[in-house]
Amino acid sequence: MGRSSKDKRDIYYRLAKEEGWRARSAFKLLQLDHEFNLFTGVHRAVDLCAAPGSWSQVLSRKLRGKEEQQEVKIVAVDLQAMAPLPGVTQIQGDITKVSTAQEIIRHFEGHPADLVVCDGAPDVTGLHDVDEYIQAQLLLAALNITTHVLKPEGTFVAKIFRGKDVTLLYSQLKIFFSSVTCSKPRSSRNSSIEAFVVCQNYSPPAGYVPNMSNPLLDHSYDVDFNQLEGPNRVIVPFLACGDLSAFDADRTYPLQLAEGKEYQYTPPTQPPIHPPYQQACQLRRDNQLSKEEAPSVCPSQDQDQDQT
Ligand code: SAM
């Protein structure tokens, strides 16, 4: 695929670069805000799984406004390093670790956050059940860390895959938030099972002590939440969001070129700083990435064992 073909096919990818966003996902948070008014009264916000940083950019632009508001604090967490952003403190860390929660609280000088957002996604394997399971784990890790840092009545927004265990996830979220809505922004492709839970009014059960336990990992949990019936089954509202006149992420729009103008490629706003493919690219440039030739005879059993 040529470097310009994605520009031509994906309107949000193209717009993101034109408007200076690091990733097209910026539009998802903007459209969620349009529907849920997420940023009103927010002074402390946490962006979990933030790299390369387009959601942090949205938080920075929306919360800090034109004049740099000193009282606004934004913390961004990711396993990967991220290029700096104005008014955003970065933590390179793992959201499944309690030490990350403690570090966030230190940045807020002991004050809780008003808003936690999480666009976390594991590396997709292509095996749908595995991808859904890992995504669910990440969402619960985000929920756990949120219970350490969010203020009562605060808001939590997270990416969710609407797969097999989604009812279990809704049930978990409803324990902590009085309002849970599943929302699909226009900029999220219909062909993707991705959606976002918008959880409002954080109100944990009385006496709840934040911890990092995870019921999906607890195999003594043998209830099939999708089989629950009547009042035991939690069904949350589903809402498409983003102005209906906004671009449809599944369509291809023609380039709008002025008469006689040629198409100009726009480079990414922020190229990745340590991409995992960097070493492979260098090896290929140095011609060191050639595949080993397959052995003409099968390796002996001992060799097989050595390789595992
Ligand atoms: N919201 C980001 C933006 O707008 O630029 C995009 C986030 S990207 C889809 C998902 C991110 O989740 C990756 O950068 C990945 O490193 C991060 N991630 C996955 N597992 C994580 C974990 N356990 N702790 C912290 N970050 C994690």
Side-chain angles (χ1 to χ4, degrees), residues 10 12-13 15-17 19-33 38-39 45-63 74-86 88-104 107 115-125 130-146 148-149 156-161 183-185 187-189 192-198 212-214 216-217 242 249 268-278:
D10 185 338
Y12 285 104
Y13 178 77
L15 280 179
K17 293 194 296 173
E19 293 181 17
W21 302 112
R22 291 180 177 184
R24 68 190 291 294
S25 10
F27 295 106
K28 299 174 191 169
L29 187 56
L30 288 167
Q31 290 172 349
L32 288 165
D33 172 51
L38 298 172
F39 303 138
V46 182
D47 184 7
L48 299 173
C49 302
S54 79
W55 279 30
S56 291
Q57 280 183 293
V58 172
L59 292 173
S60 173
R61 289 192 200 175
K62 289 281 182 181
L63 302 185
I74 302 164
V75 173
V77 182
D78 202 287
L79 289 171
Q80 298 180 45
M82 196 170 106
L85 279 170
V88 178
T89 303
Q90 285 181 44
I91 298 173
Q92 192 171 353
D94 186 342
I95 66 159
T96 66
K97 297 274 181 340
V98 74
S99 55
T100 306
Q102 287 157 352
E103 217 174 319
I104 296 169
H107 280 292
L115 172 69
V116 179
V117 296
C118 177
D119 185 29
D123 289 338
V124 179
T125 64
V130 175
D131 291 337
E132 279 166 34
Y133 180 79
I134 300 173
Q135 176 64 28
Q137 295 292 336
L138 204 57
L139 170 59
L140 289 174
L143 172 64
N144 276 340
I145 205 162
T146 297
H148 286 78
V149 303
F156 171 57
V157 177
K159 193 204 298 276
I160 191 167
F161 283 177
S183 191
K184 178 90 173 167
S187 50
S188 172
R189 296 183 188 95
S192 156
I193 58 166
E194 162 195 275
F196 293 85
V197 275
V198 178
M212 287 301 208
S213 77
N214 186 337
L216 276 190
L217 290 178
T269 303
Q270 173 62 57
I273 41 182
H274 296 303
Y277 50 81
Q278 196 169 28

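The residues of the chain are indexed from 1 along the displayed sequence. When a ligand or atom number is given, it counts from 1 through the structure's own listing order.
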Please tell me if the side chains of L59 and V117 come closer than 4.5 Å, counting only heavy atoms from C-beta onward.
yes
Close side-chain approach of P185 and F27, heavy atoms under 4.5 Å:
no
Pairwise side-chain contact, E103 with V77, heavy-atom cut-off 4.5 Å (strictly under)
no
Atom 24 (N) of ligand 1: nearest protein contact (heavy atom, Å)
I95 N, 3.0 Å
Mind checking whether A26 contacts ligand 1 via backbone (N, CA, C, O), side chain (CB onward), both or neither, at a 4.0 Å heavy-atom cut-off?
neither
Look only at interatomic distance and state if W55 has a nitrogen or oxygen under 3.5 Å from any nitrogen or oxygen of ligand 1.
yes
Test item, D78 contacting ligand 1 (heavy atom, 4.0 angstrom)
yes
For ligand 1, which atoms, with element, lie under 4.0 Å from some heavy atom of A121?
10 (C), 12 (O), 19 (C)
Sub-4.0 Å atoms of ligand 1 with respect to non-hydrogen atoms of A50:
2 (C), 3 (C), 5 (O)
Closer than 4.0 Å to some heavy atom of L79 - which atoms of ligand 1 meet that?
20 (N), 21 (C), 22 (C), 24 (N), 25 (C), 26 (N), 27 (C)
Taking only heavy atoms of S54 into account, list the atoms of ligand 1 that are under 4.0 Å away from them.
3 (C), 4 (O), 5 (O)
Heavy atoms only, cut-off 4.0 Å: how does C49 contact ligand 1, side chain, backbone, both, or neither?
both
Are any of the N/O atoms in D47 less than 3.5 Å from those in ligand 1?
no
At a 4.0 Å cut-off, with the gap strictly under it, does some heavy atom of G53 reach an atom of ligand 1?
yes
Ligand 1 versus L138, non-hydrogen atoms closer than 4.0 Å: side chain, backbone, both, neither?
side chain
Answer yes or no: is there a donor N or O on one side and an acceptor on the other, between the side chain of R22 and the main chain of A83, under 3.5 Å?
yes
Under a 4.5 Å cut-off applied to non-hydrogen side-chain atoms, are L30 and K62 in contact?
yes
Out of G120, G93, A51, whose heavy atom is nearest to atom 25 (C) of ligand 1?
G93
What are the atoms of ligand 1, with element, lying closer than 4.0 Å to any heavy atom of D119?
1 (N), 2 (C), 6 (C), 7 (C), 9 (C), 10 (C)
If we only consider heavy atoms of Q80, is any one of them less than 4.0 Å away from an atom in ligand 1?
yes
Does an N or O anywhere in K159 fall below 3.5 Å from an N or O of ligand 1?
no
Do W55 and C49 come within less than 4.5 Å of each other through their side chains, counting heavy atoms only?
no
